[in-house]
Amino acid sequence: TQSDVLANVKALLNYAVKERRLIKSNPWASVTIPKEKPTNRRGTWADEDLTKLFAAPLFQSYELPEDRRAGGPAAYWLPLLALHGGLRIAELTQLRIQDVVQRDGVLLLDVNEDSGKAVKSAAGVRYVPVHSNLIRLGFADFFADRKAQSADPATPLFDALPSAPSRSPAEYASDSFRRFCQDVNVY
């Protein structure tokens with residue numbers, strides 16, 4: 001980085017001053033590089049792009065992609081959960097059946113670090129309520145079906161997503177979503 005290069009130049013000039021006495025003072029001693037605020041390279045989604053995206057047959061008539069790398073129902077639910085819950089793809093793909101809980105009549109996603117799962121920061125450990133739009137679209141039924149299909153509550157909620165030693169389910173889901181966006185001309 002620029003800061004690393006500047007630090008190296010300053011160290012060299014300090015050496016020239018103190019050890020070799022080649023110059024009287026380091027002319028770069030007070031030079032600093034201002035910290036830049038990170039930019040959001042992705043930008044925000046335009047309303048017309050979201051409209052176009054969710055007008056696709058995947059979301060209008062539950063036409064799941066045939067490519068198994070898309071993860072079957074994950075192709076449908078992951079974008080909706082991300083949109084309505086502000087969740088990251090890695091957080092969603094790590095969810096286990098046991099991470100969907102009901103408290104006081106509200107369906108919640110328990111984003112946690114149990115069983116080797118990871119979150120980006122400590123603030124990432126949280127309960128996220130499932131939005132009423134998602135309940136209306138059938139998420140509670142999807143969850144009930146998944147729970148009935150698996151005897152092991154530690155089974156991934158989106159177990160149709162592939163994984164490999166060198167690729168996580170999140171990477172497959174991200175690639176699939178990128179291809180989907182390109183297919184509907186929203187990327």
Side-chain angles (χ1 to χ4, degrees), residues 40-114 117-121 123-150 153-163 167-187:
N40 184 355
R41 294 181 313 182
R42 295 182 191 150
T44 58
W45 288 83
D47 288 344
E48 55 271 7
D49 287 339
L50 286 171
T51 300
K52 193 176 190 182
L53 183 80
F54 291 109
L58 170 63
F59 297 105
Q60 292 301 306
S61 54
Y62 200 68
E63 291 182 24
L64 298 177
E66 292 181 15
D67 185 349
R68 74 168 201 83
R69 294 174 299 176
Y76 178 80
W77 288 114
L78 293 178
L80 290 169
L81 287 163
L83 176 68
H84 286 81
L87 291 139
R88 294 179 174 88
I89 193 73
E91 293 172 331
L92 290 166
T93 58
Q94 293 181 101
L95 288 173
R96 305 286 183 232
I97 291 171
Q98 66 196 13
D99 296 328
V100 182
V101 296
Q102 192 153 12
R103 301 257 165 85
D104 299 323
V106 177
L107 201 58
L108 303 167
L109 303 177
D110 179 6
V111 181
N112 60 62
E113 295 180 296
D114 298 346
K117 294 181 286 184
V119 294
K120 193 169 181 178
S121 69
V125 175
R126 65 204 186 278
Y127 286 96
V128 179
V130 177
H131 196 283
S132 59
N133 287 344
L134 300 179
I135 301 297
R136 193 171 49 257
L137 288 170
F139 182 79
D141 295 330
F142 164 75
F143 167 66
D145 290 346
R146 290 291 300 119
K147 192 173 180 180
Q149 290 169 2
S150 177
T155 299
L157 184 60
F158 300 104
D159 68 344
L161 279 168
S163 67
R167 297 202 77 210
S168 70
E171 290 172 296
Y172 283 103
S174 182
D175 289 347
S176 174
F177 184 67
R178 182 182 37 76
R179 284 190 303 272
F180 171 72
C181 289
Q182 289 170 340
D183 290 346
V184 296
N185 296 314
V186 180
Y187 209 93

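Throughout, residue positions are numbered sequentially from 1 according to the sequence presented.
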*Show your working on side chain to side chain contact (heavy atoms under 4.5 Å, CB included) between Ile97 and Lys147 and close with a plain yes or no.*
CA-CA 6 Å; Ile97 291 171; Lys147 192 173 180 180; 4.1 Å; yes

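Residue Glu66 places its CD atom among 12 or fewer non-hydrogen atoms of other residues, nucleotides or ligands, all under 6.0 Å distant.
The CG atom of Leu53 sits 11.5 Å away from atom CG of Asn185, with the distance rounded to the nearest 0.5 Å. Interatomic distance, Asp159 CG to Leu95 CG, rounded to the nearest 0.5 Å: 12.5 Å.
Closest heavy-atom contact between Ser150 and Thr155: OG-OG1, 2.7 Å.
Under the side-chain hydrogen bond (donor to acceptor under 3.5 Å, both in side chains) criterion, Gln149 pairs with Arg146, not counting sequence neighbours. By the side-chain hydrogen bond (donor to acceptor under 3.5 Å, both in side chains) test, Glu113 pairs with no residue at all, sequence neighbours left out. Annotation: side-chain contact (heavy atoms from CB on, under 4.5 Å) contacts of Ala173 (sequence neighbours excluded): Leu78, Ile89, Thr93, Leu161. Residues forming a side-chain contact (heavy atoms from CB on, under 4.5 Å) with Pro129 (at least two apart in sequence, or on another chain): Val106, Leu108. Judged as a side-chain contact (heavy atoms from CB on, under 4.5 Å), and not counting sequence neighbours, the contacts of Ala82 are Leu92. Considering only residues two or more places apart in sequence or on other chains, Ser121 meets the side-chain hydrogen bond (donor to acceptor under 3.5 Å, both in side chains) condition with none of them. Asp110 pairs by the side-chain contact (heavy atoms from CB on, under 4.5 Å) definition with Asp99, Asn112, Tyr127, not counting sequence neighbours. For Asp114, there are no salt bridge (charged side-chain N to carboxylate O under 4.0 Å, His left out) partners, not counting sequence neighbours. In this structure Phe180 satisfies the ring pair (Phe, Tyr, Trp, His ring centres under 6.0 Å) test together with Phe59, sequence neighbours excluded.
Remark: aromatic rings of Phe158 and Phe142 are close, center separation under 6.0 Å.
Listed by first then second residue, pairs satisfying side chain to side chain donor-acceptor pair (under 3.5 Å) with a partner in residues 68-83 read Asp67-Arg69, not counting sequence neighbours. Here salt bridge (Lys or Arg N to Asp or Glu O under 4.0 Å) pairs that include residues 129-138, with residues two or more places apart or in two chains, number zero. Applying the salt bridge (Lys or Arg N to Asp or Glu O under 4.0 Å) definition to pairs two or more places apart or across chains, those involving residues 79-95 are Arg88-Glu91, Glu91-Arg126.
Side-chain contact check for Cys181 versus Phe177: some heavy-atom pair is nearer than 4.5 Å. At a threshold of 4.5 Å between non-hydrogen side-chain atoms, the residues Tyr62 and Pro57 do not count as touching.
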